[in-house]
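The next block holds one structure in the form of structure tokens; read it before the comments.
Positions are given from 1 along the sequence. Note that ligands are numbered from 1 as they come in the structure, with each ligand's atoms numbered from 1 the same way.
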Amino acid sequence: MKPEAKSPQAWIRPQIRALTAYHVPDPGDLVKLDAMENPWPWPGDLTDAWLESLRGLELNRYPDPGARELSEHLRASMGVPDDAALLLGNGSDELIQMLALSLAEPGRVIMAPEPTFVMYRLIATVAGCDYRGVPLAQDFSLDRGAMLAAIERHRPAILFLAWPNNPTGTLFDAGVIEQLIEAAPGLVVIDEAYAPFTDASLLPRVGEFPNLLVLRTVSKMGLAGLRLGYLAGPRDWLAEIDKTRLPYNINALTQASALFALRHRALLDEQARRIREQRDRLFSALAALPGVTAWPSEANFILFRVAGADAVFAGLRERGVLIKNLSPAGGALADCLRVTVGTGEENARFLDALRGVLADGGLPRGRG
Ligand SMILES: *Cc1c(COP(=O)(O)O)cnc(C)c1O
């Protein structure tokens, strides 16, 4: 049947109609352990100082289009190599989109190992590229042979490697990554969203390879509300990608607030240290539960597998705890759930709820 004139069916591209929008559930009063957020708000006196720092902003004016002061502070604070260029985005998601828009052409491939961050596929598709996922090995490490073969065959314009990977929490082998960077004909983007929770980073090595870019975000380090990501790489590449950036993409409140936060970096670092400590405790507790398989994580979340994951997820929710159910994705993620590391108290509530659900045979209370 022909679609009706003036209808979305007639005009929206088939690739877009086939997509499912990125869904974020409403947490209500639940203990929120689903989105890799830092669980600690700022102490009251710091909040007061932050609000004071915003007083001088003139909201009638456009922000600094290049966010120059913030860029300089980010470079110094995060150790961006002097000869690398830096590009800021409205979250690292926007930088992924700018990358895809800059390189996309029908027939070109954007590649990533799978399972991984779902936005690579979504953004590649929206940009009109072919997306190729290459399965990870059984233990969620990179399948070196499969990756090299896929690179050879598909000649990807961009290879995204989340390092540590989301949703598995694993840290791919640095030697294999280096081989992939050497083998890739196009860009390799190392997405270090979880840099605060691992000692591994390729940021210091930007410039050593002509095709290596490193992507970061302040979201997971405790500033998810600001929406600020940054991309470091060779100047010739970033000068081109910058042309796809919308003017004033980093708003005045974000510029000022991020500057303020970077001046109090020690607090964020201390929180990241505590999250790492909590992660290791949570991992031991999870791994000790009968019927639960947990994967060691270098991020601020833990992936685990449990039989009847859908029912376990629903049971946790009934007990007031929201985590992420990855089981509907199927394949390697069948029966997998992902819990974000929260405060000690939140993690204890999660573990209590999980023990309760497992004792009830995985079924939510009152439903059988
Ligand atoms: C959370 C996440 C991001 C998104 O970061 P934003 O800066 O909040 O857009 C990017 N990459 C990975 C791997 C993530 O897990």
Side-chain angles (χ1 to χ4, degrees), residues 21-25 32-39 67 70 74 78 86-101 110-124 126 131 133 136 140 142 158-172 177 187-198 200-203 213-233 245-246 249-251 254-255 257-258 261-262 268 272 275 279 295 297-303 323-324 326 329 333 336 338-341:
Y22 189 81
H23 172 68
V24 181
K32 195 171 181 313
L33 299 177
D34 66 329
M36 281 80 96
E37 291 147 332
N38 173 329
L70 175 56
L74 269 175
M78 305 299 175
L86 196 65
L87 204 55
L88 307 194
N90 185 349
S92 51
D93 288 342
E94 189 187 42
L95 291 162
I96 297 170
Q97 187 179 52
M98 282 159 58
L99 282 160
L101 288 176
I110 290 182
M111 183 178 285
E114 293 221 309
T116 193
F117 188 45
V118 294
M119 292 309 289
Y120 306 144
R121 174 192 287 271
L122 191 76
I123 289 172
V126 169
Y131 175 86
L136 290 170
F140 292 140
L142 280 174
I158 311 176
L159 170 62
F160 283 104
L161 295 172
W163 202 53
N165 188 36
N166 171 13
T168 59
T170 40
L171 191 72
F172 302 141
I177 290 183
L187 284 179
V188 177
V189 178
I190 306 296
D191 183 345
E192 298 188 349
Y194 299 97
F197 314 108
T198 181
S201 174
L202 283 180
L203 187 57
L213 303 186
V214 170
L215 180 63
R216 291 272 191 95
T217 174
V218 301
S219 294
K220 311 300 166 30
M221 70 186 273
L223 302 168
L226 288 186
R227 307 306 300 132
L228 178 67
Y230 53 104
L231 180 68
R245 187 170 60 88
L246 295 177
N249 63 328
I250 311 299
N251 74 70
T254 294
Q255 291 191 31
S257 303
L262 288 179
L268 297 172
I275 289 169
R279 171 187 70 200
W295 281 271
S297 167
E298 289 276 309
N300 65 339
F301 58 83
I302 297 173
L303 183 77
I323 64 170
K324 175 82 176 176
L326 294 158
L333 292 175
C336 284
R338 185 190 66 199
V339 60
T340 300
V341 179

Exercise. For Pro115, what residues pass the side chain to side chain contact (heavy atoms under 4.5 Å, CB included) criterion, not counting sequence neighbours?
Worked result: Leu136, Phe140, Pro167, Thr168, Ala332, Leu333

Problem set entry | Contacts of type side-chain hydrogen bond (donor to acceptor under 3.5 Å, both in side chains), residue Arg216, not counting sequence neighbours | Glu192, Ser201, Tyr230

Problem set entry | Taking every non-hydrogen atom, the tightest pair across Asp93 and Ile123 | O-CD1, 3.6 Å

Problem set entry | Under the side-chain hydrogen bond (donor to acceptor under 3.5 Å, both in side chains) test, residues paired with Asn251 that sit two or more places apart | Thr254

For this session: Would you please classify the geometry between the Tyr194 ring and the Phe197 ring as parallel, tilted or perpendicular, with 30° and 60° separating the classes?
Result: tilted

Give every pair made of an N or O atom of ligand 1 and a protein N or O atom lying under 3.5 Å apart, one pair per line with both atom names and the distance to 0.1 Å, or write 'none'.
residue: ligand 1; atom: 5 (O); partner: Ser92; partner atom: OG; Å: 2.9
residue: ligand 1; atom: 7 (O); partner: Ser92; partner atom: N; Å: 2.7
residue: ligand 1; atom: 7 (O); partner: Ser92; partner atom: OG; Å: 2.9
residue: ligand 1; atom: 7 (O); partner: Thr217; partner atom: OG1; Å: 2.5
residue: ligand 1; atom: 7 (O); partner: Ser219; partner atom: OG; Å: 3.3
residue: ligand 1; atom: 8 (O); partner: Ser219; partner atom: OG; Å: 2.6
residue: ligand 1; atom: 8 (O); partner: Arg227; partner atom: NH1; Å: 2.7
residue: ligand 1; atom: 9 (O); partner: Ser92; partner atom: N; Å: 3.2
residue: ligand 1; atom: 9 (O); partner: Asp93; partner atom: N; Å: 3.1
residue: ligand 1; atom: 9 (O); partner: Asp93; partner atom: OD1; Å: 3.4
residue: ligand 1; atom: 9 (O); partner: Asp93; partner atom: OD2; Å: 3.2
residue: ligand 1; atom: 9 (O); partner: Arg227; partner atom: NH2; Å: 2.9
residue: ligand 1; atom: 11 (N); partner: Asp191; partner atom: OD1; Å: 3.4
residue: ligand 1; atom: 11 (N); partner: Asp191; partner atom: OD2; Å: 2.6
residue: ligand 1; atom: 15 (O); partner: Asn166; partner atom: ND2; Å: 2.9
residue: ligand 1; atom: 15 (O); partner: Tyr194; partner atom: OH; Å: 2.6
residue: ligand 1; atom: 15 (O); partner: Lys220; partner atom: NZ; Å: 3.2

For this session: Could you grab the distance from atom CH2 of Trp163 to atom CG of Asp191, nearest 0.5 Å is fine?
Result: 12.5 Å

